[in-house]
2 protein chains.
Amino acid sequence: MLSLSNDASTAVEAEGDDLCSLTRLIGDPDGAKETVKKLRALMKKIEKEDSDSEIGVFKAAADPCRIRILKLLKEGELCVCEIMTALNRPQSTTSHHLSILREAGLIRERRAGKWLHYRLSDGAVIELLNQAKLLKDK
Amino acid sequence: MLSLSNDASTAVEAEGDDLCSLTRLIGDPDGAKETVKKLRALMKKIEKEDSDSEIGVFKAAADPCRIRILKLLKEGELCVCEIMTALNRPQSTTSHHLSILREAGLIRERRAGKWLHYRLSDGAVIELLNQAKLLKDK
DNA sequence: CTTATATATCGAAATGCATTGATATGTTCC
DNA sequence: GGAACATATCAATGCATTTCGATATATAAG
């Protein structure tokens with residue numbers, strides 16, 4: 001099993017492990033070393049960008065109930081009790097899904113008296129759905 | 001609890017249930033009935049579109065490992081053993097994630113001898129990531 | 001301040017998903 | 001055909017998420 005720690009010694013060990021397979025792959029040890037170095041650098045760059053909120057966005061959209069909510073809201077603002085009516089799901093379930101969408105930044109709320117009206121937070125949400133649809137159609 | 005079945009009788013019953021809360025919400029029974037009708041029609045339209053593959057796309061992107069793979073592949077084609085080197089994860093784990101991305105249509109494979117090279121399936125994948133990033137930045 | 005209503009949060013059960021070692025499949029080379 | 005290697009699939013384990021009833025919070029009205 002490869003180590004996940006970051007200190008220098010285990011990093012060197014891990015590099016040794018990787019070289020086993022990559023040397024064979026590439027055919028020469030120096031080329032393999034070079035490739036590993038490039039991959040590590042690229043990975044470091046990728047891990048430095050915080051991907052958490054991106055993942056949150058995708059997680060939020062990755063549920064049938066929540067996709068339905070997003071598609072409903074494409075037509076305009078709705079309050080919670082309208083959404084639960086449309087979904088045909090209990091209030092606690094509906095509310096839970098709304099809070100996940102809200103925390104991911106996909107929807108916004110507006111209070112009007114005792115009612116909360118939800119809407120898509122931005123045109124980017126619609127674009128996100130469009131891109132997913134594009135991908136599915138191929 | 002609201003019924004999930006589709007036949008006429010239970011649909012009427014369910015409509016009655018919904019009217020309880022929506023009538024109060026809107027203030028007049030006729031307006032409520034109208035609203036419920038609209039919501040049901042909208043929902044029927046939404047459920048008719050097959051959202052499954054869209055959900056598959058979002059599910060595939062909703063994992064730290066897999067987001068990393070997508071970002072790696074933005075730089076160009078890589079074979080499995082390069083990807084597992086970069087991710088620092090066992091082969092079976094890496095392969096599993098690749099198969100999910102492949103089935104969702106986000107990546108494609110190309111065989112070259114005993115190696116499989118993976119690449120992003122389309123520019124739409126990059127656009128998808130961009131839209132998610134846009135959303136997170138607000 | 002009490003009651004009614006709309007929504008959020010909690011807690012428990014059920015389900016789904018990520019991870020990984022072990023094993024199977026497919027490819028190359030001899 | 002058999003050995004070596006790259007990758008996929010299987011099966012078991014543990015963790016995360018969904019669902020939903022029960023309860024809490026917030027707002028409005030009397």
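By convention in this document, chain letters (A, B, ...) are assigned in the order of the sequence lines, proteins followed by strands, and residues within each chain are numbered from 1.
With hydrogens and angles ignored, the 3.5 Å screen pairs a side-chain donor or acceptor of Arg111(A) with a backbone N or O of Gly113(A). Asp122(A) contributes no side-chain N or O that, together with a main-chain N or O of Val125(A), makes up a donor-acceptor pair within less than 3.5 Å.
A residue-by-residue look at Cys65(A) and Gly113(A) shows that Cys65(A) has its nearest nucleotide of DNA chain D further toward the 5' end. Nearest-nucleotide positions on DNA chain D place Ala62(A) closer to the 5' end than the other of Ala112(A) and Ala62(A).
Nucleotide dG21(D) holds its P atom 11 Å from the CE atom of Met84(A), rounded to whole Å. Between Gln91(B) atom CD and dC10(D) atom P there is a gap of 14 Å when expressed in whole angstrom units. Between the CG atom of Leu116(A) and the C1' atom of dA28(D) there is a distance of 14 Å, rounded to whole Å. One atom, CG of Asn88(B), and another, P of dA18(C), lie 19 Å apart when rounded to the nearest Å. One interatomic measurement links the two molecules: CG of Leu87(B) to P of dA18(C), which rounds to 14 Å at whole-angstrom precision. The distance from atom NZ of Lys59(A) to atom P of dT18(D) is 9 Å, rounded to the nearest whole Å. At whole-Å resolution of the value, CZ in Arg66(A) and C1' in dT17(D) are 8 Å apart. Distance Glu109(A) CD to dT9(C) C1': 14 Å, rounded to the nearest Å.
For NZ of Lys38(B), the number of neighbouring non-hydrogen atoms (other residues, nucleotides, ligands) closer than 6.0 Å is 12 at most.
Taking side-chain N and O atoms only, Arg111(B) has no distance below 4.0 Å to OP1 or OP2 of dG26(C). Residue Tyr118(B) places at least one side-chain N or O under 4.0 Å from the OP1 or OP2 atom of dA8(D). For the pair Lys114(A) and dT7(C), the criterion of a side-chain N or O lying under 4.0 Å from OP1 or OP2 is not met. Side-chain N/O atoms of Ser92(B) include none lying less than 4.0 angstrom from OP1 or OP2 on dT20(C). Distances shown here put every side-chain N or O of Ser95(A) at or beyond 4.0 Å from the OP1 or OP2 atom of dT7(C). An OP1 or OP2 oxygen of dT20(C) is reached within less than 4.0 angstrom by a side-chain nitrogen or oxygen of Thr93(B).
With distances taken from any side-chain atom of Trp115(B) to the nucleotides dA8(C), dA18(C), dA6(D), the minimum falls on dA6(D). Each of dA8(C), dC20(D), dG21(C) was ranked by its minimum atom distance to the side chain of Pro90(B); first place goes to dG21(C).
Looking at Lys71(A) and Ser51(B), their side chains do bring a donor and an acceptor atom within 3.5 Å of each other.
Backbone-only engagement by His97(B) is indicated by non-hydrogen atom pairs under 4.0 Å involving sugar-phosphate atoms exclusively. Within the nucleic acid shown, Ile100(A) comes within 4.0 Å of sugar-phosphate atoms alone, with no base atom in reach, counting heavy atoms only.
Contacts of Glu103(A) classified as side chain to side chain donor-acceptor pair (under 3.5 Å), with partners at least two apart in sequence or in another chain: none.
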